[in-house]
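Read the structure below first, then the notes.
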Amino acid sequence: MSRTNLLTIGYSTLSKRASGIKFLDSFTNLVVIQNPDNESFSPPPKAITSIELKSKGVAKSRNAVIENTHTEYLLFGDDDIEFNEETINAAIAHLEANKDISILLLQAVDETGALRKRYSKQKHSLKLTNSAKAATYEMIIRVNDFKRAAISFDENFGAGAQNYLGDEYIFIADALRAGLKGNYLPMVLAIHPTESSGSFRDTQKDAIVRSRIFTRVFGIWAPLMRLLFILKPPFNKFSIRNSISFLIGR
């Protein structure tokens, strides 16, 4: 089967950034463009399927990507990403050989080639306790499994929403709780600039948003999980004041 029939790379972008995407012609490419202000922009090439949304929010954009993907697999992309085609093919092979796996996480490097964060060196199964740092562009999903389970991104979280973080982790957590299975592979899938919306910041606003993510994922167990997060090395995640905001959520 042609790889264009197996995997879609679904990009989420803003109208003014749509022309900067670096596409891989070996796969199906889909672009969802957020354009709430009805700005004029240069559309992607005619060979690329594009959808314009008159709304704001990356989670809404990702959900439109899922809804409009008709291949077996979906890789989520941003407009500032460069994907490794060899790794994509290896990931597809892994998923083809493991039909019980619905979600696959991989690695990303920055523009210097350095890993963007501390990753495990070993393949492992995804759990709530090891998926919190996942980025969307590190993620490949088996589309029909998510559609059957009615799993989508929580539109109250993610860039463009008041809670501007956490949409990826919540997405994975909802999938795992629905009984879907996932793997992590220590393979570099993408290049992404060092700075991103998910970068850790020691601010009260960041602390409160991250606290809400724990509430959304863990419910009544959120206070305990927030405390364990604070106590886990390294200990200087937040200042004392922001640590208190994180623990109490305000």
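The chain is numbered in sequence order, starting from 1.
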Do [X] and [Y] make a side-chain contact, defined as non-hydrogen atoms from C-beta onward lying under 4.5 Å apart?
{"X": "Tyr73", "Y": "Leu95", "answer": "yes"}
{"X": "Asn130", "Y": "Lys127", "answer": "yes"}
{"X": "Tyr137", "Y": "Phe76", "answer": "no"}
{"X": "Thr13", "Y": "Val32", "answer": "no"}
{"X": "Arg177", "Y": "Val217", "answer": "yes"}
{"X": "Met139", "Y": "Leu104", "answer": "no"}
{"X": "Lys121", "Y": "Pro186", "answer": "no"}
{"X": "Ile33", "Y": "Phe41", "answer": "yes"}

I'd like to know if the side chain of [X] pairs up with that of [Y] as donor and acceptor (distance under 3.5 Å, no hydrogens or angles considered).
{"X": "Glu72", "Y": "Asn144", "value": "no"}
{"X": "Thr8", "Y": "Thr71", "value": "yes"}
{"X": "His94", "Y": "Asn183", "value": "yes"}
{"X": "Ser19", "Y": "Ser42", "value": "no"}
{"X": "Tyr119", "Y": "Glu138", "value": "yes"}
{"X": "Ser245", "Y": "Asn242", "value": "no"}
{"X": "Gln34", "Y": "Ser12", "value": "no"}
{"X": "Gln122", "Y": "Tyr184", "value": "no"}

Would you find a donor on one side and an acceptor on the other, under 3.5 Å apart, between the side chain of Asn29 and the backbone of Phe27? yes
Quick check: does any side chain N or O of Asp79 sit under 3.5 Å from a backbone N or O of Gly20, one acting as donor and the other as acceptor? no
Looking at Lys147, I want to see if its NZ is surrounded by more than 12 non-hydrogen atoms of other residues, nucleotides or ligands under 6.0 Å. yes
Does CD in Glu96 sit with more than 12 non-hydrogen atoms of other residues, nucleotides or ligands closer than 6.0 Å? yes
Nearest 0.5 angstrom please: Leu53 CG to Lys60 NZ, how far? 9.0 Å
For the student: nearest non-hydrogen atoms of Gln107 and Ser120, plus distance: NE2-O, 3.8 Å
Which class fits the ring pair Phe23 and Tyr11: parallel under 30°, tilted 30 to 60°, perpendicular over 60°? perpendicular
So, are Asp78 and Arg62 salt-bridged, with charged N and O less than 4.0 Å apart? yes
